[in-house]
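Only this structure's heavy atoms are used, side chains among them; waters, hydrogens and symmetry mates stay out. Small disclaimer: the values here were computed from a predicted structure and weren't measured. By convention here, the first residue in the shown sequence is residue 1.
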Amino acid sequence: MKKINFTTAVLVVYLIVMSVIGWPGKQAEPDYVQYFSIIIVTCVVIGILRFVQIKRYKLREKRRKENQ
């Protein structure tokens, strides 16, 4: 489970860094709708990835217990 938490944390930190680097405030006409929608979609994808990783981990543990 620690590996799942680490992966999620790394992806969230990466998202934060890329969001700060890509801040559209310096442009002549910033497109905040696109900026925030990309951030929201990325957060949803990270959440789905975490859900899938946890589900796979639980299935793996269940199969390991059945084999013993």
Side-chain angles (χ1 to χ4, degrees):
M1 198 65 134
K2 291 181 182 181
K3 188 175 181 180
I4 296 170
N5 293 336
F6 179 73
T7 304
T8 304
V10 167
L11 288 173
V12 169
V13 168
Y14 178 76
L15 174 62
I16 292 169
V17 169
M18 295 309 290
S19 298
V20 170
I21 290 172
W23 179 251
K26 298 177 184 175
Q27 298 173 355
E29 293 183 25
D31 188 10
Y32 292 111
V33 174
Q34 181 183 4
Y35 176 75
F36 287 114
S37 63
I38 290 172
I39 291 174
I40 290 169
V41 168
T42 306
C43 287
V44 168
V45 169
I46 291 172
I48 291 170
L49 176 64
R50 180 173 173 82
F51 174 75
V52 169
Q53 284 181 323
I54 290 172
K55 188 173 180 178
R56 286 184 61 207
Y57 177 77
K58 289 180 180 179
L59 284 173
R60 187 179 308 132
E61 288 298 317
K62 183 179 176 183
R63 287 183 187 148
R64 187 176 295 158
K65 287 180 182 178
E66 288 175 358
N67 288 336
Q68 289 179 353

message: Apply the hydrophobic cluster definition, ILVMFWY joined by side-chain contacts under 4.5 Å directly or through others, and give me every member besides I38.
response: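 Members other than I38 - counting any ILVMFWY side chain reachable under 4.5 Å - there are none.
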field: Hydrophobic cluster (4.5 angstrom, side-chain heavy atoms) - remaining members for V10
entry: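 In the cluster with V10 are F6.
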field: Sequence-distant partners of N67, side chain to side chain contact (heavy atoms under 4.5 Å, CB included), two or more places apart
entry: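 Side chain to side chain contact (heavy atoms under 4.5 Å, CB included) list for N67, sorted by chain: empty.
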- prompt: What pairs of residues pass the side chain to side chain donor-acceptor pair (under 3.5 Å) test when at least one of them lies in residues 14-29, not counting sequence neighbours?
  reply: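 Passing the test, one end in residues 14-29: no pairs.
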- prompt: For residues 37-54, which residue pairs qualify under side chain to side chain donor-acceptor pair (under 3.5 Å), counting only residues two or more places apart or in two chains?
  reply: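 Output for this query lists N5-R50, T8-R50.
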message: Looking at every heavy atom in both P24 and P30, which two are closest together, and how far apart are they?
response: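 What the structure gives for the nearest pair is O-CB, 3.0 Å.
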- prompt: Taking only residues two or more places apart in sequence or in another chain, which ones pass salt bridge (Lys or Arg N to Asp or Glu O under 4.0 Å) with R64?
  reply: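 Once residues adjacent in sequence are excluded, the partners of R64 under the salt bridge (Lys or Arg N to Asp or Glu O under 4.0 Å) criterion are E61.
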Hydrophobic cluster membership, [X] vs [Y], 4.5 Å side-chain cutoff:
{"X": "I39", "Y": "Y32", "result": "yes"}
{"X": "L15", "Y": "M18", "result": "no"}
{"X": "L11", "Y": "I16", "result": "yes"}

Atom pair CD1 (I4) and CG (L49), whose distance is rounded to the nearest 0.5 Å: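 Nearest 0.5 Å value for the CD1-CG distance: 9.0 Å.
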message: With a sphere of 6.0 Å drawn around CZ of F51, does it hold more than 12 non-hydrogen atoms of other residues, nucleotides or ligands?
response: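 Atom CZ in F51 is not crowded, with 12 or fewer foreign heavy atoms closer than 6.0 Å.
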